[in-house]
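Here the structure comes first, spelled out in structure tokens, and everything after it is commentary.
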Amino acid sequence: MRIGIFAHTESQQARALVELFDSEQDTQCVLFDLSIPSDAETSISPDKLFFAGERVDTLDVAILHGYSYDNPVVPQADDFQDFSVWQFGYLSTQQNQSYLFSLFSEMSRRGVEVLCPPRAHVLCYEKTHLLYRLKRSGVSVPSFILSNTMDDVVEFVSKNACSVWRPSTGRALWQLFTDRQREFLINADKPPVMVAETVKGPFCRVFSFRGEPVMALKMGYPNAEPPENLEVLWEYEPSQKLREACKLIYDSSDIGWAQVMGVEGDDTFWVYDVDTDPILNWLPDAQRVSLLDSLALLLAGKQGEKKPLLEAEERSPLFLRRMLRILFDFEYAKYGN
């Protein structure tokens, strides 16, 4: 079996995953440099697909890590820039983007299982479109609005005890939507943002492979008092409603390896976001190692023994967080009274 991992060579996550296959006799795992080296020979032809001098249409499975979808709309030229120089750099970047998009799409069409093909990245880039699509497929999605109109937003948040907001594209966190955020973000001269209701229950991050939960983590709130932590994460047994949500997401989006973020409610799992390229380096060591080990087995087509649930783990506090807290205390001491 041949597995291809397309990632930037400096990715610790990709290198750790490749190392797990070093002792496998019947599985070959190849790391391809996603940044496309300047001397790399690449080709898309009717009978062969080459990437950096190697055939990739003979792979069984491919996983993309660090692949970013770039909107190929030509930006407006700046009157004070040398357009000829600027255009060359821009077109060079877009040619690489076009090649990668075409390569991975063609690999998928020719029988390679690309776990998150470009079409899945495009879908997840537009979060409003993604959530509406999931909702039409039967996934439970909280009520939300995309707007920069004050009256509409005020009316929406008045119906909810608490609301959260996020940008409408790419990777971002949902944050509390307070009056201060509303006054700053909502204006006709600013882009619309997403505002959603909050539902009761613990916030969860679930890592899903081909529509099946691999690891489900409930997240506790950060502790701002010493000893500080960013949050506490503990693994739990996926509920039936969570399994159903992961299966529906996979069937409707073709996202084979995903991080599903949502809230475990009393009678359903509410989906707030789906990430096509889960980043694992932020996880505590034991959880990250266990998840990578499970992912390697699944990529190789093997089913490992059921593991006992891991104990709760704290995310260590960031030094910057502690220093900001000290700075805020100084400012409060000076101006708070």
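For CG of N281, the number of neighbouring non-hydrogen atoms (other residues, nucleotides, ligands) closer than 6.0 Å is greater than 12. Counting non-hydrogen atoms of neighbouring residues, nucleotides and ligands closer than 6.0 angstrom, the CD atom of E10 exceeds 12 such neighbours. Crowding of K247 atom NZ: a count of heavy atoms from other residues, nucleotides or ligands under 6.0 Å not exceeding 12.
Here the shortest heavy-atom pairing between L49 and I44 reads CD2-CG2, 3.7 Å. Residues D277 and G66 approach most closely at OD2-N, 2.6 Å, considering heavy atoms. Of all heavy-atom pairs spanning A245 and V139, the tightest one is O-CG2, 4.4 Å. Minimum heavy-atom separation, A300 to M1: O-SD, 3.5 Å. Between L20 and A296, the shortest heavy-atom contact is CD1-CB, 3.9 Å. M107 and A62 get closest at one heavy-atom pair: CE-CB, 3.8 Å.
A distance of 10.0 Å separates CG in L100 from OG in S105, rounded to the nearest 0.5 Å. Atom-to-atom distance recorded for F156:CZ and F144:CZ is 8.5 Å, nearest 0.5 angstrom. Within the model, atoms CZ of F6 and CG of D33 stand 11.0 Å from one another, a figure rounded to the nearest 0.5 Å. Remark: I255 CD1 to Y250 OH distance equals 10.5 Å, nearest 0.5 Å. In this structure, OG in S140 is found 8.0 Å from CG in D267, a value given to the nearest 0.5 Å. The CG atom of L146 lies 13.5 Å from the NE2 atom of H129; values are rounded to the nearest 0.5 Å.
Using a 4.5 Å heavy-atom cutoff, the side chains of Y236 and L242 are in contact. Contact of the L248 side chain with the L134 side chain is not registered, since no non-hydrogen atoms from C-beta on lie closer than 4.5 Å. Using a 4.5 Å heavy-atom threshold, the side chains of L173 and M261 count as separate. V56 places none of its side-chain heavy atoms less than 4.5 Å from the side chain of V112. Between V157 and W165 the shortest side-chain heavy-atom distance does not fall below 4.5 Å. A 4.5 Å side-chain heavy-atom check between M215 and S294 finds every atom pair outside the cut-off. Taking 4.5 Å as the limit, some side-chain heavy atom of L115 sits within range of a side-chain heavy atom of E113. Two residues are said to be in side-chain contact when any heavy atoms from C-beta on lie closer than 4.5 Å; T9 and S35 fail this criterion.
With salt bridges taken as basic N to acidic carboxylate O contacts below 4.0 Å, one links E237 and K306.
Clustering ILVMFWY residues whenever any of their side-chain heavy atoms sit less than 4.5 angstrom apart, transitively, puts V289 in a cluster other than the one holding L280. By the criterion of side-chain heavy atoms lying less than 4.5 angstrom apart, applied directly or through intervening Ile, Leu, Val, Met, Phe, Trp or Tyr residues, F50 is not grouped with F101; the two fall into different hydrophobic clusters. Hydrophobic clustering, with ILVMFWY side chains joined whenever heavy atoms are under 4.5 angstrom apart, groups Y132 together with L130. Connection of L309 to F207 is not established within any shared hydrophobic cluster, with ILVMFWY side chains joined at heavy-atom distances below 4.5 Å, either directly or through further cluster members. The hydrophobic clustering, which links ILVMFWY residues whose side-chain heavy atoms are closer than 4.5 Å, places L233 and W174 together.
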R2/T58 under side chain to side chain donor-acceptor pair (under 3.5 Å): CA gap, chis, key distance, verdict | CA-CA 8 Å; R2 292 190 73 219; T58 58; 2.6 Å; yes
Could you check K190 against N148 for side chain to side chain contact (heavy atoms under 4.5 Å, CB included), going step by step and ending with a plain yes or no?
-> CA-CA 7 Å; K190 295 181 178 179; N148 65 353; 5.6 Å; no
Worked verdict on F209 versus L297 for side chain to side chain contact (heavy atoms under 4.5 Å, CB included) | CA-CA 11 Å; F209 186 87; L297 287 172; over 6 Å; no
Which is it for D251 and S137 under the side chain to side chain contact (heavy atoms under 4.5 Å, CB included) test, yes or no, and what are the steps along the way?
-> CA-CA 9 Å; D251 290 344; S137 302; over 6 Å; no
I would like to know whether Q97 and Y67 meet side chain to side chain contact (heavy atoms under 4.5 Å, CB included); could you show each step before the answer?
-> CA-CA 10 Å; Q97 166 65 23; Y67 170 76; 3.5 Å; yes
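Under the 3.5 Å distance criterion, the side-chain polar atoms of Q287 are left unmatched by any main-chain donor or acceptor of E235. Panel note: side chain K307, backbone S290; a donor-acceptor pair is recorded below 3.5 Å. In this structure, K127 contributes its side chain and V274 its backbone to a donor-acceptor pair below 3.5 Å. Judged purely by atom type and a 3.5 angstrom limit, R55 has no side-chain atom pairing as donor or acceptor with the backbone of K48. Judged by distance alone, the side chain of D254 and the main-chain N or O of A120 form no donor-acceptor pair under 3.5 Å.
For the side-chain contact (heavy atoms from CB on, under 4.5 Å) criterion with L217, the lone passing option out of V232, L283, V206 is L283.
Sequence neighbours left out, the pairs with a member in residues 175-189 that pass side-chain hydrogen bond (donor to acceptor under 3.5 Å, both in side chains) are T178-Q181, D179-R182. Counting only residues at least two apart or in different chains, salt bridge (Lys or Arg N to Asp or Glu O under 4.0 Å) contacts with residues 144-172 comprise E155-K159, R166-D273, R171-D275.
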Give every donor-acceptor pair under 3.5 Å between a side-chain atom in residues 192-205 and any protein atom, sequence neighbours left out.
from: E197; atom 1: OE2; to: S143; atom 2: N; distance (Å): 2.9
from: T198; atom 1: OG1; to: C162; atom 2: O; distance (Å): 3.0
from: R205; atom 1: NH1; to: Q259; atom 2: OE1; distance (Å): 2.9

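Ring geometry, F51 versus Y99: the interplanar angle falls under 30°, so the pair is classed parallel (tilted spans 30 to 60°).
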